[in-house]
Amino acid sequence: AMASRRDPPPMGVVVSKLLDLVRESPRTPDDVAAWLEDPNHPWRNGFAGALATHVYTTVGGEQKTAVQALKQAAHVFCEPGEDGVERFIYKPPFACKDKSSLAAVIAEARSGVSLNTLVETVRATYPDVAKDVNALVASHRIFAVDDDRGGKRDKILFPAVDRGAVSAAFEDTQLRQQYRAITVPDRGKVLDTLQGTSFKLPDDTYRRKKNMLLRAEAQGDAQAKPKRRRGRPQARTNTHIK
């Protein structure tokens with residue numbers, strides 16, 4: 001059934017908005033509740049009730065409010081301040097706010113930094129992050145490797161210290177995954193199977209290797225055939241007779 005204009009927004013939408021709110025500055029639970037009770041947010045789809053007390057049923061059947069879900073959100077902590085009042089605080093995994101700190105974050109990441117994750121994480125406090133990434137790539141301080149392994153187009157960012165080594169390691173990982181995904185059918189030949197994949201050999205190379213294999217198989221079959229046993233030579237006693 002389609003949701004009516006007065007149905008509350010899905011919990012995921014509400015929590016996403018709360019994350020943006022907390023990213024801007026720490027908020028007390030009362031601040032969050034007051035913000036959720038404000039009926040003037042255009043993304044509410046005309047819902048008239050208070051989202052601070054609205055109860056959602058999760059996929060697992062658990063019931064919780066958006067505030068409870070915010071407490072369990074990644075990188076969100078509820079900590080007491082100097083005045084003793086607890087506040088929701090967002091602690092991003094990437095502590096960067098300008099081009100210099102961005103380059104430092106990428107330099108410290110041994111396995112690279114996902115551009116999608118980076119932009120999603122710091123967009124509220126660092127809106128120019130994508131532009132600065134492009135500037136660092138253009139100045140050769142970092143480089144990006146295309147990544148679509150998760151089914152979504154992304155780029156992995158690396159410091160431009162040893163691009164050759166990083167690129168080789170990254171490409172080798174992808175090649176290993178592709179190679180392991182190849183299935184050789186029963187009684188099939190590995191060389192023939194590879195010809196139907198991205199590991200296909202040039203035609204002349206394939207024919208040469210195929211002929212080598214056929215010759216090796218023929219030699220193996222010949223060696224496997226039982227040999228006729230020669231009889232034991234008899235000692236001649238009449239050697240003077242020719």
Side-chain angles (χ1 to χ4, degrees), residues 3-133 136 147 150-152 154-157:
S4 69
R5 293 284 297 171
R6 298 185 64 82
D7 287 337
M11 178 184 284
V13 174
V14 180
V15 173
S16 175
K17 298 296 182 181
L18 291 179
L19 284 173
D20 289 341
L21 183 72
V22 174
R23 284 189 184 109
E24 293 175 359
S25 63
R27 310 280 179 157
T28 66
D30 289 342
D31 292 336
V32 173
W35 191 84
L36 288 171
E37 290 169 4
D38 183 353
N40 297 318
H41 301 303
W43 52 271
R44 291 169 58 104
N45 295 327
F47 177 64
L51 291 175
T53 55
H54 179 80
V55 176
Y56 291 87
T57 301
T58 65
V59 176
E62 182 182 4
Q63 291 188 329
K64 61 176 63 175
T65 65
V67 177
Q68 291 170 331
L70 177 63
K71 291 182 179 180
Q72 300 174 359
H75 314 302
V76 174
F77 301 86
C78 196
E79 300 178 350
E82 295 181 356
D83 56 2
V85 178
E86 286 192 337
R87 288 176 173 80
F88 287 108
I89 301 174
Y90 182 77
K91 296 182 179 180
F94 307 115
C96 53
K97 57 183 179 180
D98 53 32
K99 195 183 299 182
S100 297
S101 57
L102 173 61
V105 165
I106 296 173
E108 293 173 0
R110 294 183 177 180
S111 57
V113 174
S114 161
L115 177 60
N116 289 346
T117 303
L118 175 66
V119 172
E120 178 67 23
T121 302
V122 303
R123 62 180 178 178
T125 57
Y126 189 2
D128 293 334
V129 60
K131 183 177 72 174
D132 284 350
V133 165
L136 289 173
D147 180 23
K152 184 178 181 181
D154 193 6
K155 291 182 180 294
I156 307 300
L157 309 176

Rounded to the nearest 0.5 Å, what separation is found between the CG atom of Leu70 and the OG atom of Ser16?
11.0 Å
If every non-hydrogen atom of Leu21 is compared with every non-hydrogen atom of Arg27, which pair is closest and at what distance?
O-NE, 3.4 Å
What pair of heavy atoms forms the shortest contact from Leu51 to Ala66, and how long is it?
O-CB, 4.4 Å
Between Leu115 and Asp154 the two heavy atoms that sit nearest each other are N-OD1, 3.4 Å
Leu102 CG to Leu157 CG distance, which is reported to the nearest 0.5 Å:
7.5 Å
Can you name the closest pair of heavy atoms from Cys96 and Ser101 and give their distance?
CA-OG, 3.3 Å
Does His41 use its side chain to pair, donor to acceptor, with the backbone of Trp35 at less than 3.5 Å?
yes
For the residue pair Tyr56 and Pro8, what are the closest heavy atoms and their distance?
OH-CB, 4.0 Å
Counterpart residues, ring pair (Phe, Tyr, Trp, His ring centres under 6.0 Å), relative to Tyr126 (two or more places apart)
none
CD-CD distance between Glu79 and Glu86, expressed to the nearest 0.5 angstrom
9.0 Å
Reported CG-to-OG1 distance for the pair Asn116 and Thr121, which is rounded to 0.5 angstrom
10.0 Å
Do the non-hydrogen side-chain atoms of Asp31 and Phe88 ever get within less than 4.5 Å of each other?
no
Salt-bridged, Arg23 to Asp20, with N to O below 4.0 Å?
yes
Rounded to the nearest 0.5 angstrom, the CG-CZ distance for Asp30 and Arg87 is 10.5 Å
For the pair Val14 and Trp43, evaluate side-chain contact (heavy atoms from CB on, under 4.5 Å) and give the outcome as yes or no after the intermediate values.
CA-CA 9 Å; Val14 180; Trp43 52 271; 3.9 Å; yes
Gln68 side chain to Thr65 backbone, donor-acceptor under 3.5 Å
yes
Looking at NZ of Lys155 and CG of Leu118, how far apart are the two atoms once the value is rounded to the nearest 0.5 Å?
14.0 Å
Output yes when a side-chain donor or acceptor of Arg123 lies under 3.5 Å from a complementary backbone atom of Val129, and no otherwise.
no
Output, in order, the C-alpha distance, side-chain angles, deciding distance and verdict of side-chain contact (heavy atoms from CB on, under 4.5 Å) for Ile156 and Ser114.
CA-CA 5 Å; Ile156 307 300; Ser114 161; 4.3 Å; yes
Closest non-hydrogen contact found for Glu37 with Ala50 is CG-CB, 3.7 Å
